[in-house]
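Indexing begins at 1, ligand by ligand and atom by atom, following the structure's order. One-based numbering along the sequence shown. All values below come from the heavy atoms of this structure, side chains included, with hydrogens, waters and symmetry mates left out.
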Amino acid sequence: MPKINIAIDGPAGAGKSTVARLVAEKMGYIYVDTGAMYRAVTLKVIEAGLTDGNNPASIAALAHKLSLQLKLSPEGQRISVNGEDVTEYIRTLEVNRHVSMVARIEEVRSLLVLKQQQLASAKGVVMDGRDIGTHVLPEAEVKVFLTASARKRAERRFNEMDEDSMTLDELEADIERRDRMDAEREISPLKQAVDATLIDSTSLTIPQVVEYIIDLCQARFGKEIV
Ligand code: CDP
Ligand code: CDP
């Protein structure tokens, strides 16, 4: 059975990475979390003290010098920068705060997009992000735009936090700020591809969304695809 690529885009906290990982597991595919790549670059931008928003050229120069390595497997993804495994350090509030600023920079995007396209060239990839269906893999055989209400997405993220560093309202405002920056940026903004299927997961469970996507694949490519 020939393999396909599946693109999953949508705003923060919609369930993209959870669902993409499970779909990849069911299909024996590789899951690629492109947000982790922008987060890893952002971590290094923070360490270099380049977060005041006025340093796009210095950030681009730094990004060119970084060597990102992804270790991909159906169980998940680990990410290293210049040989250091940073998987555990890229989900902090500080990275959340700066990542959309870094992700607006054209040179950063073109570096990462090229890497993402190489990873998907052999097919059999489930990739999640913001611009996968519109820009990174416009030929992906199945495209999903996964969303949920901002409140629900904030609640989900709130339940994941192990310390009370933010209130639910603050978290919702942070998510909405990031969505706005991602949707309003000039290059490859967050938006639904014309040929993507919209799934609103506000009142759907994770298994329901996974089943929905598997059904989409089977409806298009036959039962034997999974
Ligand atoms: O997990 P969450 O949805 O909060 O974010 P993420 O997928 O890890 O992405 C973090 C940030 O990276 C997003 O808010 C975007 O600014 C940026 N990003 C992007 O611009 N393009 C992508 N393909 C993936 C992420
Ligand atoms: O990758 P993205 O930012 O879109 O979201 P995620 O990190 O996969 O999901 C955010 C949280 O929502 C996780 O804790 C998921 O387990 C949870 N979730 C949920 O409870 N119900 C869903 N239908 C989807 C996600």
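Counting heavy atoms under 4.0 Å from ligand 2, residue Leu146 does not touch it at all.
Using a 4.0 Å cut-off between charged side-chain N and carboxylate O, Asp169 and Arg151 make a salt bridge. A salt bridge links Lys44 to Glu84: at least one charged side-chain nitrogen sits closer than 4.0 Å to a carboxylate oxygen. Looking at Asp131 and Arg109, a side-chain N of the basic residue comes within less than 4.0 Å of a carboxylate O on the acidic one, giving a salt bridge. Ion pairing between a basic and an acidic side chain is recognised when a charged N comes within 4.0 Å of a carboxylate O; Glu160 and Arg157 show such pairing. Under a 4.0 Å N-O distance rule, the pair Lys123/Glu141 qualifies as a salt bridge. For the pair Arg185 and Glu106, the salt-bridge criterion is not met [side-chain N within less than 4.0 Å of a carboxylate O].
The two atoms that bring Tyr31 and Ala20 nearest to each other are CE1-CB, 3.5 Å, heavy atoms only.
Which parts of ligand 2 touch Thr205 is read off a 4.0 Å heavy-atom cut-off, strictly below it: atoms 23 (N). Distances below 4.0 Å separate heavy atoms of Glu160 from the following atoms of ligand 2: 10 (C), 11 (C), 13 (C), 14 (O).
When heavy-atom distances to ligand 1 are checked against 4.0 Å, the residues falling inside are Ala12, Gly13, Lys16, Thr34, Gly35, Tyr38, Arg39, Arg91, Val99, Ser100, Ala103, Arg109, Gly129, Arg130, Asp131, Ile132, Arg157, Arg178, Asp182, Arg185, ordered by chain and number.
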